[in-house]
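As the structure is a prediction and not an experimental result, all values here were calculated from the model. What you see below is based on every heavy atom in this structure, not just the backbone, and it leaves out hydrogens, waters and symmetry mates.
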Amino acid sequence: MYGPLLMLALAAGSVSVTHGAYIAESGKAGCVIVVPNAATPGEKHAAGELREHIRQITGVELRLISERNYSPASGPCISIGRTRLSEKYVTNDQLAAFGDDGYKVFTRDGNAFFVGGRRRGSMYAVYEYLESLGVRWWSPDYTVIPKITDLPMPSKSFGHIPQLWYRDQWWNNGATNEWLARMRVNGSNGQDHFLPETLGGSTVTMHSCHSYAALVPPEEHFGKHPEWFALKPNGQRSAHELCLTNQGLRDFVAQRVLADLRARGGRVDNYWVSQNDGGGDACHCEKCTAEREAHGGRDKWSANTIAFVSYVADTVKQEFPGTRIKTLAYNYTKEAPRDIKASDNVVVEICGNFGPGDDPHTRLVSEWSKVAKNISVYTYGGSNYGYWWPCPNAWEVGMQYPWALGSGVKAFYVQGTALGLGSGLVDLKAYLSARMAWDPSRDVRKEIREFCEGFYGPGGRYVLEYLEWCPKYIKERDLVMDAHKIWGDSEAWRKWVTSESMDHCDGLFQKAIAATADNPVYLKHVRRAYLEVLWGAIAINLQPGSDFMNAELRLVPGADEADVRAKAKLFGEIMRENGYNKWREDLAFEADKYPH
């Protein structure tokens with residue numbers, strides 16, 4: 001369960017003391033861990049995580065017992081979850097207010113209490129406490145555990161109920177279930193699977209975000225019910241989209257959703273009822289057109305969507321009031337309709353790139369907030385079309401979350417570089433996304449700086465300089481106004497990846513490599529970050545159409561062939577060293593076939 005550990009010495013004085021009570025002191029246990037008699041899987045995991053990390057921090061293994069076996073006369077305890085002891089201080093109404101994820105940590109009468117939502121809240125309380133001691137899960141394969149000889153009971157009360165009730169991400173950093181749980185990622189779409197309940201579980205979602213074809217398979221229904229499918233201007237029905245005003249279709253989908261929920265015992269948080277991917281519009285029938293015209297105009301395709309999903313949601317709510325119906329505002333449905341309200345159990349997920357100064361999407365969220373109570377964001381943090389293009393956009397990735405905090409967004413999913421293993425700066429971006437999603441009020445620059453110092457060691461100052469220098473270089477030259485466009489456009493990198501910029505960036509990484517030469521762990525991390533600069537330095541020396549995935553390198557006039565080949569060789573060496581296996585989403589890096 002635990003990855004390679006770096007044991008760092010921290011001063012015990014940095015942890016405040018309460019009433020002279022200690023969790024561990026001079027190699028001896030000062031308390032026991034108590035769990036409810038009927039502890040949930042999440043509460044059991046929280047207790048186990050606290051016990052194991054305390055053992056690694058102090059060298060002391062605390063006893064873990066059910067409260068039926070605990071007597072206050074035996075000494076102090078750390079109470080995890082909804083114990084009878086906690087009922088004296090936390091009412092049932094307060095517990096319900098935590099939801100699945102919220103928590104509070106406090107001390108009373110010499111005992112410490114970690115109380116929260118019964119699925120994940122107490123678990124998240126433990127993780128927040130461990131982070132306050134200096135524990136960091138920088139990446140799935142690199143954890144930092146401090147060494148503290150005398151560890152006092154926590155004295156300061158603290159707690160958190162996350163604004164983002166859904167926090168999801170898909171980065172190809174090799175995320176394990178344990179790492180996702182520790183980083184408080186509670187979604188399921190991005191990783192395409194659910195965390196087991198033994199790790200607190202995930203927010204359970206049924207279907208993908210493009211679900212119409214799954215709900216109404218055209219191969220089963222188009223022949224029997226062509227009227228359920230979109231009518232196009234040429235008078236033909238299209239199997240790609242649906243006629244959302246058709247009452248027979250509405251009833252069919254509502255009953256299909258109910259059947260699925262019944263089969264799952266109602267244990268579903270979100271159910272996607274949403275448009276298929278692609279396409280430029282939907283149904284042009286008279287009824288769908290009239291509905292759009294009543295709510296903003298003939299091109300307000302989202303009016304049909306909101307009316308349709310609200311009908312389904314109202315039907316579902318009668319039997320499953322806890323299940324939300326999710327739908328996309330995406331492509332031709334991105335603009336909000338007018339004079340229509342979505343049902344309270346509908347979630348509208350706006351798809352696009354969001355962040356500071358992004359006025360178009362700020363406008364979209366503002367307009368959709370007039371339609372729907374629950375707004376979710378689906379955004380992009382990297383390019384799936386080129387995993388190794390220089391893409392130092394950590395600031396933009398991080399700043400999306402404070403923006404969400406101020407915009408009333410309640411759920412957030414970032415699709416980074418998704419498939420395979422490895423992409424430019426993926427360790428930083430995955431860590432930063434999870435940290436900021438859990439608490440969007442955090443200082444993005446501080447989070448980036450702390451990661452660089454902790455993950456890259458003495459080389460971190462140069463990686464940080466790279467992250468700060470590149471956006472300034474782009475802005476000073478007025479190369480692009482929207483930073484996201486330069487990262488996602490397959491050719492935009494050519495506008496700023498020049499001999500001048502790559503020489504500067506390469507110089508920074510040479511300093512970072514030199515600074516970490518005597519520490520193989522930090523050096524490995526720096527070399528990972530260096531990959532995107534290597535890629536850029538090679539790519540600018542290749543003629544259009546040439547590709548260093550092949551043995552032949554067709555260089556531009558004046559290129560230093562020996563230097564380019566040396567960089568291509570080093571690129572392959574670092575890829576193999578880390579087991580990275582993708583050039584882009586649809587193209588594998590085959591280490592045994594790489595020619596350099």
Side-chain angles (χ1 to χ4, degrees), residues 160 162-173 175 180 183-187 189-191 203 209 326 328-330 334 347-369 372 374-384 391-418 423-452 467-468 470-471 474-475 480-489 492:
H160 186 62
Q163 174 187 308
L164 299 176
W165 46 256
Y166 185 87
R167 304 170 303 280
D168 201 6
Q169 61 188 62
W170 197 356
W171 292 100
N172 63 352
N173 67 324
L180 291 167
M183 297 303 294
R184 279 79 97 195
V185 175
N186 73 347
N189 272 11
Q191 302 302 322
T203 300
C209 58
K326 293 185 73 173
L328 281 180
Y330 166 70
K334 202 167 190 176
V347 179
V348 174
E349 185 155 294
I350 308 171
C351 187
N353 285 319
F354 300 82
D358 194 345
D359 295 332
H361 287 100
T362 299
R363 175 188 61 78
L364 274 178
V365 171
S366 176
E367 292 180 356
W368 271 107
S369 295
N374 303 302
I375 300 297
S376 177
V377 162
Y378 181 137
T379 188
Y380 302 94
S383 176
N384 281 333
C391 186
N393 63 333
W395 166 253
E396 285 84 359
V397 168
M399 280 305 297
Q400 295 178 110
Y401 297 93
W403 170 85
L405 182 67
S407 300
V409 172
K410 297 181 180 179
F412 204 103
Y413 168 53
V414 57
Q415 178 181 314
T417 43
S423 56
L425 295 167
V426 70
D427 299 298
L428 166 60
K429 294 175 188 178
Y431 176 85
L432 183 65
S433 297
R435 288 277 293 179
M436 294 304 300
W438 174 246
D439 185 358
S441 70
R442 286 174 167 148
D443 184 323
V444 175
R445 292 194 187 279
K446 182 180 178 182
E447 293 293 323
I448 294 173
R449 183 172 62 252
E450 184 186 73
F451 182 90
C452 288
L467 292 167
E468 293 176 342
C470 290
I474 294 168
K475 185 176 181 180
V480 69
M481 293 301 294
D482 180 353
H484 287 288
K485 290 179 182 175
I486 201 167
W487 313 131
D489 181 344

Kindly compute the distance separating CH2 (Trp438) from CE (Met183), expressed to the nearest 0.5 Å. 11.5 Å

Contact between Phe412 and Gln400 at the side-chain level, heavy atoms closer than 4.5 Å - yes or no? yes

Val397 side chain reached by Ser433 side chain, heavy atoms, under 4.5 Å: yes

For Val377, which of Trp403, Tyr166, Tyr401 qualifies under side-chain contact (heavy atoms from CB on, under 4.5 Å)? Trp403

Examine distances only and state if a side-chain atom of Gln169 and a backbone atom of Val185 form a donor-acceptor pair shorter than 3.5 Å. no

Between CD of Glu447 and CG of Asp439, what distance do you get to the nearest 0.5 Å? 8.5 Å

Can you name the nearest heavy-atom pair linking Asn186 to Trp165, along with the distance? ND2-O, 2.9 Å

Quick one: are Trp395 and Val444 in side-chain contact, heavy atoms under 4.5 Å? yes

Least distance between heavy atoms, Val347 atom then Ser376 atom: CG1-CB, 3.8 Å

Compare every heavy atom of His160 with every heavy atom of Pro162, then report the nearest pair and how far apart it is. CA-NE2, 3.6 Å

Looking at side-chain heavy atoms only, is the closest gap between Gln415 and Tyr378 below 4.5 Å? yes

How many angstroms lie between atom OG1 of Thr203 and atom CZ of Arg167, to the nearest 0.5 angstrom? 7.0 Å

Value for NZ (Lys429) from CD (Glu396), rounded to nearest 0.5 Å, stands at 9.5 Å

Tell me whether Ser366 contacts the main-chain N or O of Thr362 through its side chain, where contact means a donor paired with an acceptor under 3.5 Å. no

My understanding is that only residues two or more places apart in sequence, or in another chain, count here; which of them pass side chain to side chain contact (heavy atoms under 4.5 Å, CB included) with Ala329? Val348, Ile350, Trp368

Do Cys351 and Glu349 come within less than 4.5 Å of each other through their side chains, counting heavy atoms only? no

How close do Pro471 and Pro392 get, counting heavy atoms only, and between which atoms? CG-O, 4.2 Å

Asn393 side-chain N/O to Gly382 backbone N/O, donor-acceptor pair under 3.5 Å: no

Closest contact, heavy atoms only, Pro402 versus Pro440: CG-O, 3.4 Å

Please check this pair: side chain of Asn173 against backbone of Asp427, looking for a donor-acceptor N/O pair closer than 3.5 Å. no

Nearest 0.5 angstrom please: Leu425 CG to Leu432 CG, how far? 11.0 Å

Any side-chain heavy atom of Leu467 sitting closer than 4.5 Å to one from Cys452? yes

Locate the shortest heavy-atom distance separating Ser407 from Val365; write the atom from each residue and the value. O-CG1, 3.7 Å

Inter-residue atom distance Lys334.NZ - Leu364.CG, 0.5 Å rounding: 6.0 Å

